[in-house]
Amino acid sequence: MQRYFINQVVQSVGEKISVLKDQEHHMLKVMRMNIEESCEVVDENEQLYIAKITQLSPFELRIEEHKEQQVELPIDVTIFVGLSKGDKLETIVQKATELGVHTIVPVEMKRNMVKWTKDKSQKKIERLQKIAQEAAEQSHRLHVPKVLDLMTLKESVVLAKQSTKALVAFEEVAKEGEAAVFVQTLTSLQKGDSIAFYFGPEGGFDLQEIEYLNSQEVHSCALGPRILRAETAPMYALAAVSYHFELLKG
């Protein structure tokens, strides 16, 4: 069943609700839905409901049922990512959303392959936020990850420090065969905690950036023995978090 996120709080079963024009278009023109057909809607409180089309013009949905569902990771994961060429950042946002990320933060780094102007940054964030919502609907999540505005490294650390733990994936640590920090960090976390991950751009981190992050209690870790691409590393980390908290612990 198709899922949509609505910009309102549902008060009760039987309530009539409206949707955005592009959602209405998707239901009627793409999904070919008609009167009496149903879809899933998630309101601003991240509550899931079954809604039925009650009329087409003007378009209207009615809440039929409230449903309980647990699909979100038991810890909030924020990823801080460098800027990469082409559509790699879009891929990171899409796949990270499918894997359960909570927040995504683009970060200015010395080896970023691209630079964003102020106007370009706003358009990019709007595009990435749309991708996050579409991926959240497709993967049947209850939470749409927030894509924050581009930050400097120092600005990002202020946010990272709000998490229970913070790590930076550093390839030089992986080359040395270090495997303990990531595992120990996940083991130390409990349901309701949060973790921040830093991932570099295609050119990797500058050593001064790593030193600065380490000085701010963002600890270097390895993601296995292999060197991962910029768009692969966040997926590895999120999959590991999912395994540890959702599969291993049941």
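Hydrogens, waters and symmetry mates play no part in the numbers below; they use all other heavy atoms, side chains included. Given the structure is predicted, the values throughout are model-derived calculations rather than measurements.
Judged purely by atom type and a 3.5 angstrom limit, Thr164 has no side-chain atom pairing as donor or acceptor with the backbone of Ile195. Although no hydrogens or angles enter the test, the distance criterion places a donor-acceptor pair under 3.5 Å between the side chain of Gln23 and the main chain of Phe5. In this structure, the side chain of Ser242 does not engage the main chain of Ala239 through any donor-acceptor pair within 3.5 Å.
The shortest distance between side-chain heavy atoms of Thr187 and His244 falls below 4.5 Å. For the pair Arg127/Glu90, a side-chain contact is recorded, criterion being any heavy-atom separation below 4.5 Å from C-beta on. Annotation: side chain of Ile53 is in contact with side chain of Phe59 (closest heavy-atom distance under 4.5 Å). At least one side-chain heavy atom of Pro106 sits less than 4.5 Å from a side-chain heavy atom of Leu83. For the pair Ile63/Ser12, no side-chain contact is recorded, criterion being any heavy-atom separation below 4.5 Å from C-beta on. In this structure the side chain of Ile17 never reaches within 4.5 angstrom of the side chain of Tyr49, judged on heavy atoms. Counting heavy atoms from C-beta outward, Leu150 and Ile125 have side chains that stay 4.5 Å or more apart. Using a 4.5 Å heavy-atom threshold, the side chains of Asn214 and Ser220 count as touching.
The line from CD of Gln94 to CG of Leu99 is 10.5 Å long, rounded to the nearest 0.5 Å. A distance of 11.5 Å separates CD of Glu37 from CE of Met27, quoted to the nearest 0.5 Å. Interatomic distance, CG of Asn112 versus NZ of Lys85, reported as 12.5 Å (0.5 Å rounding). Here the straight-line distance linking atom NZ of Lys191 with atom CZ of Phe245 works out to 11.5 Å at 0.5 Å rounding. Distance CG/Leu213 to CG/Leu167: 11.0 Å, rounded to 0.5 Å. The OG atom of Ser18 sits 8.0 Å away from atom CD1 of Ile6, with the distance rounded to the nearest 0.5 Å.
Under the salt bridge (Lys or Arg N to Asp or Glu O under 4.0 Å) criterion, the residue pairs touching residues 69-79 are Glu72-Arg141, with sequence neighbours excluded.
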Is there a side-chain contact (heavy atoms from CB on, under 4.5 Å) between Glu137 and His26 once you walk through the steps?
CA-CA 12 Å; Glu137 291 174 344; His26 189 271; over 6 Å; no
Is there a salt bridge (Lys or Arg N to Asp or Glu O under 4.0 Å) between Glu209 and Arg111 once you walk through the steps?
CA-CA 10 Å; Glu209 292 174 329; Arg111 296 182 183 175; over 6 Å; no
Apply salt bridge (Lys or Arg N to Asp or Glu O under 4.0 Å) to Lys95 and Glu98, showing your working.
CA-CA 5 Å; Lys95 302 308 177 186; Glu98 292 176 22; 3.7 Å; yes
Leu89 and Lys124: CA distance, side-chain angles, deciding distance, side-chain contact (heavy atoms from CB on, under 4.5 Å) verdict:
CA-CA 10 Å; Leu89 189 53; Lys124 285 283 188 179; over 6 Å; no
Is there a side-chain contact (heavy atoms from CB on, under 4.5 Å) between Asn7 and Glu44? Walk through the geometry before answering.
CA-CA 6 Å; Asn7 299 328; Glu44 289 185 334; 3.9 Å; yes
Mind running side-chain contact (heavy atoms from CB on, under 4.5 Å) on Gln162 and Thr78 for me, showing each step along the way?
CA-CA 10 Å; Gln162 297 176 20; Thr78 298; over 6 Å; no
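Nearest approach of Gly192 to Ile75, heavy atoms of both residues: N-CG2, 4.4 Å. The nearest pair of heavy atoms linking Gly200 to Ala230 is O-CB, 3.7 Å. Taking every heavy atom of both residues into account, Pro234 and Ile79 meet most closely at CB-CD1, 4.3 Å. Residues Met235 and Ile92 approach most closely at CE-O, 3.7 Å, considering heavy atoms. Ala136 and Thr97 get closest at one heavy-atom pair: N-CG2, 3.5 Å. Contact record, His143 with Val101: CD2-O, 4.4 Å, taken as the closest heavy-atom pair.
Within a 6.0 Å sphere centred on NZ of Lys88, heavy atoms belonging to other residues, nucleotides or ligands number more than 12. Remark: Lys154 NZ is loosely packed, at most 12 non-hydrogen atoms of other residues, nucleotides or ligands lying under 6.0 Å away. At most 12 heavy atoms of other shown residues, nucleotides or ligands fall within 6.0 angstrom of atom CD in Glu217. Enclosure of atom CD in Gln122 is not indicated, since only 12 or fewer non-hydrogen atoms of other residues, nucleotides or ligands lie within 6.0 angstrom.
Residue Leu142 forms a side-chain contact (heavy atoms from CB on, under 4.5 Å) with just one option from Arg3, Gln47, Gln70, and that option is Arg3. When Glu64, Glu60, Glu36 are each tested for a side-chain contact (heavy atoms from CB on, under 4.5 Å) with Thr54, only one passes: Glu60.
Taking the six-membered ring for Trp, Phe182 and Phe197 have ring centres closer than 6.0 Å.
Using cut-offs of 30° and 60° on the angle between ring planes, the pair Tyr198 and Phe80 is parallel.
In summary, Glu126 and Lys123 do not engage in a salt bridge, as defined by a charged side-chain N under 4.0 Å from a carboxylate O.
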